[in-house]
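Let me begin by presenting the structure, written as structure tokens, before commenting on it.
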Amino acid sequence: MKRSPKRTAVIILPVALFLALVPALLEAAADPADIVSFDRRHFESRGLVRDGLDLLYEKDGRVYAVVTPEDIASLVSRGVAFTIETARLAPSAGRTASAAGGLNGAFHSAYELDTELRLLADAHPQLVRLQEIGTSLEGRPIQALKISDNPGLDEGEPAILFLGCHHAREWISVEIPLLLARHLLENYALDPEVRSLVDRGEIWIVPLVNPDGLEYSIHVYRYWRKNRRANSDGTFGVDLNRNYGYQWGYDNVGSSPVPGSAVYRGTAPFSEPETEAVRRLFLSRDFRAMVSFHSFSQLILYPWGYVDLPTGKEAELSTLAHTMSALMAAVRGAVYVPGRASAALYTTNGDTADWTFGVSGVPSFTVELPPEDTAGGGFFNAEAEIEAIFRENLPAMLYLTNYAFLSSPDGGIRPRLPGTLRRSPPRLPLIKRIDRDLPSAITMNQ
Amino acid sequence: MRKAPFRIVAPLAVASLCVALSVPASGQLVLGQYENEAPLATWNVFGASTAAGLGLGGIRLSRAWDASVASTNPALLTALPRSSGSLTGAYVITALYRFSAVNTGVLSSASNFSTGYLALESGSFSYRFGDWAAAFTAGLLESYQRPGIDQSYSAQGLVRYALRLEQTGFLRGYTLALARRFGRRLSFGAGLNLVRGNLDRVLVEEWPVEGITIADTRAERFEGLFLNAGLHLALSRGLSASLAVRAPYSKKSDAESLLRYTASGGDTDIRIEAEARNSYRQPLVVGAGLDSRWSEAWSAAAEIAYFGWSRYEVRYFDEPLPRPFRDVITAAAGVEYSLKGRLGARPARFPIRLGLAYDPQPMDNAHSSYLSLAFGLGLRLGSLAADLGGRVGRESGSGNSLKTGRVALSVSWFSDDR
Ligand SMILES: [Zn+2]
């Protein structure tokens, strides 16, 4: 983790020093947008509320805000002692301060994610727009990042969608799409491949589809899976990955009509505001591919899930999945087994990938992130693994994005494999399961 | 406080045995009354309680029962004899339905749980010198205990899965108060209060066959400092009015958390550890009461108290927790009839008390409130007093008809006859 020493400018002002200090401070804060922190009491007592600072969040009694040089001058004139945090907080290779600590450690809670997304959006206004695509049952925002060269304009560019955390306990599935967003934004200026993708299309990232479930998983019960719908029979939760509208409720094997079930599909397709938000977003843009991150098992699954039959694009989906798997394995040898979702032990109906493929025919994948099994951690990942898991997913995600932007809606151009791929695809075992549940026959009523 | 030996664990049904019984609230992360930090029985805690006050429904700031009034209305200290001391013990039992992982989606029960404790709740003494009076009170203010859950599932003679959920904790308050009488009618008093306590919670799941354990352990150590103050005004020979205030304050805690996954098969040990300074912004409390004595035998008292819960704020492990609360006003009233008699050769009085209390809870999503009936008996014998009080309440609004009961016994000593 890279942490440059924080530039500290602590000013307690005798009026006489004021004029002398201002120029130096303005220089110190020369970036058009700096992040500073100051004591919360100053926020209340020195009229800072009225200043309309771009407040980010509050932590350990300090308020964090994005400031312009004028804002800094204003802080100085009010005698507010502040610390410039830009270097410390700037998104970089490590984990950010907004997710550090707390019950969930380096993983993001809904609150931490909101903060981080605002930081990202504020830091890269030319490349990203933060959009609230819906609201959860308990009123939390469901946020999407649109990453593109002119994010405020509708340029009619092809788009790709990355989704995270339909299932509350799959904390790692928030981190991978979020890190993908950061990677794209931070490397736009440095990496021609990233720049090309961002210029040519729209990359939409929704790191957290199920904020209510995630909060329950952090605060109450770690292995909670569904959203927080209060069902009519006193049980809780709808499995958001069984609530999509394509072949919803096709049978009672791939989803359940029983509210207490872990795979309860809800009372109707898109009955849940969380899936409805994804539906509206997906239908509003020209999406050419979709990836929904889950954990665990290390799988790359493609439609159909609801029935054990190939789609009309089996060859294309299979090739893509195998290619992505090979790209992932090339990073550090982790094998993500590609395969048709229904080829597992059981089918799934009403899931995201079947619906996006069913309504649009675009390549749609469920990526089950590490570990491979419960012995390796189940729905737990070590904090230190987050970055590595992202790194091994990155080439595959960039590859798929490029593929999506090159393809016409009816499927035309095929990109060649990137030159970085030196290995031949690994030999792959049979898929054993999807999105496996608790490691025994018992499932608590979720 | 002793951990209740009689902890009752109502029948639990895991998963598929879930019984459709509850009336679910809308926002589910907001548990309602029993958030983890919620005191057992009621959110509306204001100072130490006495057995005599309990018998009148919960009169705590308008009559000078004993030195423990320092924690509610210290102005009343000037109405006590030159010196006094008292001890109060209580037995509390309370029903809960929804708390933590219970009846919120993980574990379901067909009926309410009960939990309770037996404790020496408060001890206090006071001393008056001329127009001035001082007192010290130590009391158990809040309990965070929850029914313990210990569930397991076996198949073919082997335990396949086990879940254990435990939460314990308490908050103790210490008040140092000073009061002064101004003329014959008016008294004023103020107190400095220190609170300390803890909250420990653990949720452990085990899959013994696979050798997997998930443990979520959290511990908090509370502390807080606040002021309280009160007025007492004699309106006429038989009627007095009181006003009391508890300043809002932050109950802070040093908190630690460890979330751990171990799997022996893969030598996997994943830990997420955290430390934080949590804070719970406690509300302003303003109380007002009347105490009326119609004759030597008959008297009555009534009180209301405002709790500014709409400004309640929790920062927990560096994040604000949603607590959609509203302000509430509690009320209590009771009558006392004091029988004259003798105990042995000595003259004695035997007060008999009856009271009512209304105690609305602050959750905005379910307007839940307790209505309680109280009774009490007392003995005044020379410089000694003993009181027994009881109160039973029934809740409406949550859909679970929660009940609560409290029995308290106070023994007091006064330096001269009252
Ligand atoms: Zn999942």
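Because the structure is predicted, anything quoted here is derived from the model rather than measured. Letters go in sequence order (proteins before strands), and every chain restarts at 1.
If you measure heavy-atom distances from Arg201(B) to chain A, the contacts under 4.5 Å come from the side chain alone.
Across Gly237(A), Ala382(A), Gly377(A), the residue that shares the most heavy-atom pairs under 4.5 angstrom with chain B is Gly377(A).
With 3.5 Å as the limit, one finds no donor-acceptor pair spanning the side chains of Thr374(A) and Glu210(B).
Between Leu103(A) and Arg218(B), the closest side-chain pair of non-hydrogen atoms falls below 4.5 Å. With contacts defined as side-chain heavy-atom distances shorter than 4.5 Å, the pair Leu321(B)/His219(A) qualifies. In this structure the side chain of Thr268(B) never reaches within 4.5 angstrom of the side chain of Phe380(A), judged on heavy atoms. Between Thr104(B) and Tyr216(A) the shortest side-chain heavy-atom distance falls below 4.5 Å. Counting heavy atoms from C-beta on, the side chains of Val106(B) and Tyr223(A) never come closer than 4.5 Å.
Closest non-hydrogen pair, Gly105(B) versus Trp224(A), comes out as O-CZ3, 3.4 Å. In terms of heavy-atom proximity, Ala375(A) sits nearest to Ala263(B) at O-CB, 3.7 Å. Contact record, Trp171(A) with Leu259(B): CH2-CD2, 3.6 Å, taken as the closest heavy-atom pair.
Every side chain to side chain donor-acceptor pair (under 3.5 Å) that Ser368(B) has, sequence neighbours left out, goes to Glu395(B).
Distance check, rounded to the nearest 0.5 Å: CZ of Arg169(A) to CD1 of Ile214(B) gives 9.5 Å.
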